Amino acid sequence: MNLLSNTATLLAFVRSVEAGSFSAAARALGLTPSSVSKSITRLEAELRAKLFHRSTRYLQPTEEGLALFERVAPLLRGLEDAADAIRADGDARGLLRASMPSEIGRLLLEPLATRFLDAHPGLQLDLSLSDHLVDVIREGYDVAFRIGHPVDSELMARPIASLTMILVASPALLSRYGVPGTPDDLRRMPMLRYMLENRTAAIMFADGTSVQPRGRVGLNTGAALHAAALAGVGVAHLTRCTVQHDLDCGALVQVLPSLCLPSLPLQSVHAFGRLLPARVRLLTDFVEAEMHRILDD
């Protein structure tokens with residue numbers, strides 16, 4: 001079989017693996033589910049290999065299907081990226097896969113789902129909201145937004161915003177344990193442990209003082225820390241922009257406001273080098289503008 005002459009069939013196969021169903025792949029490609037299914041059946045017949053385990057409830061690639069996907073998907077994405085990067089109209093089409101921290105995603109979800117997608121009707125956005133540091137290359141993300149300093153030297157990084165960090169607790173927790181006045185007081189209070197890559201992140205103050213949270217509850221997302229702080233479980237270390245509303249309405253109170261915490265950068269990272277696809281550039285520009293609007297409010 002000459003795979004180069006069957007790019008449409010291969011695209012249907014790749015979209016089916018990514019979407020997890022023929023129906024979703026068909027919607028992404030503007031086709032009917034039956035046409036996608038028939039394309040896959042022809043591909044399997046020509047390759048003499050079963051590419052999917054099928055049932056009425058799920059579509060799962062076989063070992064052969066995964067092997068084909070891992071080799072073909074980067075080639076098709078490369079073709080799309082090349083056209084995207086040099087398209088004269090500057091707009092973007094196709095699938096855009098992005099990852100961002102859970103609480104930043106909560107702030108940006110509404111404008112992304114409305115104004116951003118309305119402005120770019122040719123785009124489909126797959127957004128993963130997780131504090132887990134995704135492997136941008138291996139997991140096939142176009143771009144990842146991360147809080148903190150970059151750790152992947154092979155990725156291109158772009159600063160988006162500087163995020164003010166803050167310690168917060170519920171009024172009920174402070175009423176029960178007292179209002180801490182020093183880092184030593186803080187160490188004696190229930191503190192929520194932020195489990196970043198299975199390690200508890202220490203809290204560093206601007207003067208070099210370090211506090212290692214030793215609370216009984218450890219959580220792995222900013223969204224979970226936020227919810228636990230509101231519930232009075234413990235003191236949380238969070239970005240101010242994600243809890244500003246709770247501070248304004250009194251649901252949360254800033255702890256140790258006289259002690260400065262270093263700001264952390266929000267950055268975008270990608271593996272495209274200098275030939276950046278329009279879809280990544282447009283999303284990054286939008287996120288940067290929205291974050292500056294939120295931080296300036």
Side-chain angles (χ1 to χ4, degrees), residues 99-107 128-136 138-139 141 144-153 155 157 159-244 246-247 251-269:
S99 169
M100 65 177 56
S102 56
E103 281 289 80
I104 298 300
R106 177 181 62 84
L107 292 179
S128 172
L129 301 184
S130 171
D131 293 8
H132 167 67
L133 297 181
V134 299
D135 187 320
V136 173
R138 186 177 62 83
E139 297 181 49
Y141 284 96
F145 297 89
R146 294 175 177 172
I147 297 176
H149 301 282
V151 295
D152 300 312
S153 59
L155 300 178
I160 299 296
S162 180
L163 303 179
T164 300
M165 303 303 297
I166 188 173
L167 291 169
V168 294
S170 71
L173 185 83
L174 296 178
S175 175
R176 181 178 178 184
Y177 290 94
V179 178
T182 67
D184 283 337
D185 294 338
L186 184 64
R187 293 185 181 97
R188 291 188 284 269
M189 296 188 68
M191 297 189 67
L192 296 168
R193 293 180 287 109
Y194 181 35
M195 304 298 296
L196 184 63
E197 305 301 303
N198 294 320
R199 294 191 300 272
T200 299
I203 297 171
M204 297 292 298
F205 291 92
D207 64 1
T209 303
S210 174
V211 173
Q212 185 69 38
R214 301 189 184 279
R216 298 175 64 190
V217 177
L219 300 162
N220 65 352
T221 69
L225 290 172
H226 187 178
L230 286 169
V233 178
V235 179
H237 181 219
L238 293 165
T239 55
R240 176 180 279 276
C241 63
T242 62
V243 296
Q244 188 62 58
D246 301 299
L247 293 170
L252 290 174
V253 177
Q254 184 176 359
V255 174
L256 295 179
S258 62
L259 296 182
C260 294
L261 291 162
S263 298
L264 290 178
L266 174 65
Q267 303 191 79
S268 67
V269 295

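The model shown is predicted, which means the values in this text are computed figures rather than measured ones.
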From Met100 atom CE to Ser130 atom OG, the distance as rounded to the nearest 0.5 Å: 12.0 Å
Which atom of Asp131 lies closest to which atom of Ser102, heavy atoms considered: OD1-N, 3.0 Å
Reported CG-to-CG distance for the pair Leu256 and Asp185, which is rounded to 0.5 angstrom: 7.5 Å
Approximate separation, where rounding is to 0.5 Å, of Ile147 CD1 and Ser263 OG: 11.5 Å
Asp184 and Thr182: side chain donor to acceptor below 3.5 Å: no
Taking every non-hydrogen atom, the tightest pair across Ala157 and Gln267: CB-OE1, 3.9 Å
Nearest non-hydrogen partners of Met189 and Leu173, listed with the distance: CE-CD2, 4.4 Å
Verdict with supporting geometry, Leu238 and Tyr194, side-chain contact (heavy atoms from CB on, under 4.5 Å): CA-CA 10 Å; Leu238 293 165; Tyr194 181 35; over 6 Å; no
side-chain contact (heavy atoms from CB on, under 4.5 Å) between Arg146 and Leu266, worked out: CA-CA 6 Å; Arg146 294 175 177 172; Leu266 174 65; 5.9 Å; no
From CG (Leu186) to CE (Met191), nearest 0.5 Å: 4.0 Å
side-chain contact (heavy atoms from CB on, under 4.5 Å) between Arg214 and Arg187, worked out: CA-CA 8 Å; Arg214 301 189 184 279; Arg187 293 185 181 97; over 6 Å; no
Between CD on residue Gln244 and OG1 on residue Thr164, distance to nearest 0.5 Å: 9.5 Å
Distance-minimising heavy-atom pair for Ile160 and Ser268: CG1-N, 3.7 Å
OG1 on Thr242 to CG on Leu247, rounded to 0.5 Å: 9.0 Å
Heavy-atom side-chain contact between Leu261 and His237 under 4.5 Å: yes
Which donor-acceptor pairs under 3.5 Å do the side chains of residues 218-231 make with protein atoms, sequence neighbours left out?
| residue | atom | partner | partner atom | Å |
| --- | --- | --- | --- | --- |
| Thr221 | OG1 | Ala224 | N | 3.0 |
| His226 | ND1 | Glu103 | OE2 | 2.5 |
| His226 | NE2 | Asp246 | OD2 | 2.6 |

For the student: nearest non-hydrogen atoms of Glu139 and His132, plus distance: OE2-NE2, 4.0 Å
Leu129 backbone acceptor or donor facing Arg106 side chain under 3.5 Å: no
Donor-acceptor under 3.5 Å (Arg193 side chain, Pro213 main chain): no
Val235/Tyr177 under side-chain contact (heavy atoms from CB on, under 4.5 Å): CA gap, chis, key distance, verdict: CA-CA 11 Å; Val235 179; Tyr177 290 94; over 6 Å; no
Side chain to side chain, Val269 and Tyr141, heavy atoms closer than 4.5 Å: no
Heavy-atom side-chain proximity of Gln254 to Leu167 below 4.5 angstrom: no
Smallest separation among heavy atoms of Ser170 and Leu252, with atom names: N-CD2, 3.9 Å
